[in-house]
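Owing to the predicted nature of the structure, the values given are computational and were not obtained by experimental measurement.
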Amino acid sequence: MSEAQALVDAHHHVWDLDVRPQPWLDEPAHEPIRRSFSSHALRSAATRPIAGRRLTSTVVVQCIASVPETRDLLALADCDPLIGAVVGWADLTSPAIGDVLDDLRTGHGGRYLRALRHVVQGESDPHWLQRPDVERGLAAVGERGLGYDVLIRSHQLPQAIRLAERLPELPLVLDHAGKPPLARQDLTDWTRLVRALARHPQVRCKVSGLITEAEHETWTIDDIRPVWDVLLSAFGPDRLMFGSDWPVCLLAAGWNRWAATVEELLDGCSGTEIHAVLAGTATAFYHPTPAPAKEGTPCS
């Protein structure tokens, strides 16, 4: 398949509850996804093309603060042709963070580690990303040529802005557009802060996770479009990347409905702009490994 036909899902998850619990699934209203999900299930779900493109590669993202989970994701990427890159986890506050990252990168599937992520949205410290130990850990991430996925809620966007200011060499991607408060339908503060973050050229943004911030049962594209318009004008298409947030998206809609929504949002964009959002930006940031490089290494 040519590069012009590629479709990269820059954000999805897998988990096997028989192998590793996911305590966050015990939160209220998570019953629909309180079961195991594999990459094979994503293949079955992602049947709708976007702008004529069918899913060709994905970026699998950590869920919990667990190095063993990251090792499992790397091993999965090493044998699953669909997964081209991994966003893992390691303790940024640890003095041994550099050694841990080096160990992950030289271990099974280590070549697929492209970025790290921490669930900052769950941290009560309003300056968590500015803690000296965290900044030291993030510097170690950048020194190894890795990026960092920023998972925050909208009120934490000032932390992301300060991070971009203080570590300008660290490639950043804002997960789920900083979780705009779509259900509250008040985007004023989010808009101002996202525009400020977008002024930093090392920051990219995922067009993902938006429908779960809206009213799950009643959202329409008209609820999502104001966020899309802000992102498109603030970042431009060459710094935006499509992500499904599958299977978390199932709380509000399936992969195919979100794909159809993204295709409609892209209406009016040029072919070059569509390629950037659907494949180019994610490929430039995560450098997913092509499937042919995995021949002969089937998953068990």
Side-chain angles (χ1 to χ4, degrees), residues 1-12 42 46-61 81-85 87 114-115 145 147-150 164 168-178 180 191 194-211 221-246 249 255-293:
M1 182 170 290
S2 71
E3 179 181 318
Q5 297 173 303
L7 173 59
V8 179
D9 184 342
H11 197 103
H12 79 97
L42 173 59
T47 58
R48 190 194 189 283
I50 308 178
R53 301 161 179 247
R54 293 192 177 275
L55 185 62
T56 54
S57 184
T58 72
V59 179
V60 66
V61 180
L82 185 65
I83 299 173
V87 177
R114 299 290 190 271
Y148 182 69
D149 272 40
V150 183
E169 302 303 317
L170 178 64
L172 301 173
V173 59
L174 180 64
D175 284 1
H176 312 325
T191 297
V194 160
R195 290 190 183 281
L197 181 61
R199 295 188 190 106
H200 298 274
Q202 79 273 31
V203 182
R204 306 292 183 265
C205 181
K206 290 184 183 179
V207 184
S208 63
L210 300 181
I211 56 178
I221 191 172
D222 291 333
D223 298 311
I224 309 301
R225 194 178 298 279
V227 169
W228 165 254
D229 290 342
V230 170
L231 297 178
L232 189 62
S233 64
F235 287 97
D238 59 338
R239 290 200 288 150
L240 296 177
M241 59 180 84
F242 162 76
S244 68
D245 197 24
W246 189 91
C249 65
W255 198 98
N256 289 336
R257 185 181 173 195
W258 176 235
T261 300
V262 170
E263 182 170 57
E264 191 169 347
L265 291 171
L266 287 167
D267 185 44
C269 291
S270 69
T272 299
E273 292 169 336
I274 291 171
H275 175 73
V277 176
L278 297 184
T281 303
T283 298
F285 191 92
Y286 290 114
H287 305 289
T289 299

Taking the side chain from D175 and the backbone from D149, do they hold a donor-acceptor pair closer than 3.5 Å?
no
Looking only at heavy atoms, the pair that brings G243 and D9 closest together is CA-OD1, 3.5 Å
From L231 CG over to R195 CZ, what is the distance, rounded to the nearest 0.5 angstrom?
9.0 Å
When rounded to the nearest 0.5 angstrom, what distance separates CH2 in W258 from CG in D245?
10.0 Å
Kindly give the heavy-atom pair with the smallest separation between A6 and R53, and that separation in Å.
O-NH1, 2.5 Å
Interatomic spacing from CG in L42 to OG in S244 - rounded to 0.5 Å
6.0 Å
I'd like to know if the side chain of W228 reaches the main chain of L266, judged simply by a donor and an acceptor atom lying under 3.5 Å from each other, with no hydrogens or angles considered.
no
Taking all heavy atoms of P168 and all of Q202, pick out the closest pair and write down the distance.
CA-NE2, 3.4 Å
Would you mind telling me which of H176, H11, H12 makes a side chain to side chain donor-acceptor pair (under 3.5 Å) with S208?
H176
For R54 and L7, run side-chain contact (heavy atoms from CB on, under 4.5 Å): C-alpha distance rounded to whole Å, both residues' side-chain angles, the deciding distance at 0.1 Å, then the answer.
CA-CA 6 Å; R54 293 192 177 275; L7 173 59; 5.7 Å; no
Mind running side-chain contact (heavy atoms from CB on, under 4.5 Å) on R114 and T289 for me, showing each step along the way?
CA-CA 10 Å; R114 299 290 190 271; T289 299; 3.0 Å; yes
Might you point out which heavy atoms bring I211 and C249 nearest each other, and give the distance in Å?
CD1-O, 4.0 Å
Gap separating the CG atom of L82 from the OG1 atom of T58, nearest 0.5 angstrom
4.0 Å
Which heavy atom in F285 sits nearest to a heavy atom in M241, and how many Å separate them?
CB-CE, 4.0 Å
Quick check: closest heavy atoms across A10 and V59, and the distance to 0.1 Å?
O-CB, 3.5 Å
Spell out, as yes or no, whether a donor-acceptor pair under 3.5 Å connects the side chain of K206 to the backbone of V173.
no
Does any N or O in the side chain of E263 come within less than 3.5 Å of the main-chain N or O of A51, such that one atom is a donor and the other an acceptor?
yes
CG (L240) and CG (L232) are apart, to the nearest 0.5 Å, by 6.5 Å
Given V207 and F235, is the side-chain contact (heavy atoms from CB on, under 4.5 Å) satisfied, shown in steps?
CA-CA 11 Å; V207 184; F235 287 97; over 6 Å; no
Measure from the side-chain N and O atoms of R239 to the backbone N and O of V203, and report whether any donor-acceptor pair falls under 3.5 Å.
yes
CG-CZ distance between L55 and R48, expressed to the nearest 0.5 angstrom:
13.5 Å
Under a 3.5 Å distance rule, please check whether T281 uses its side chain to pair with a backbone N or O of V277 as donor and acceptor.
no
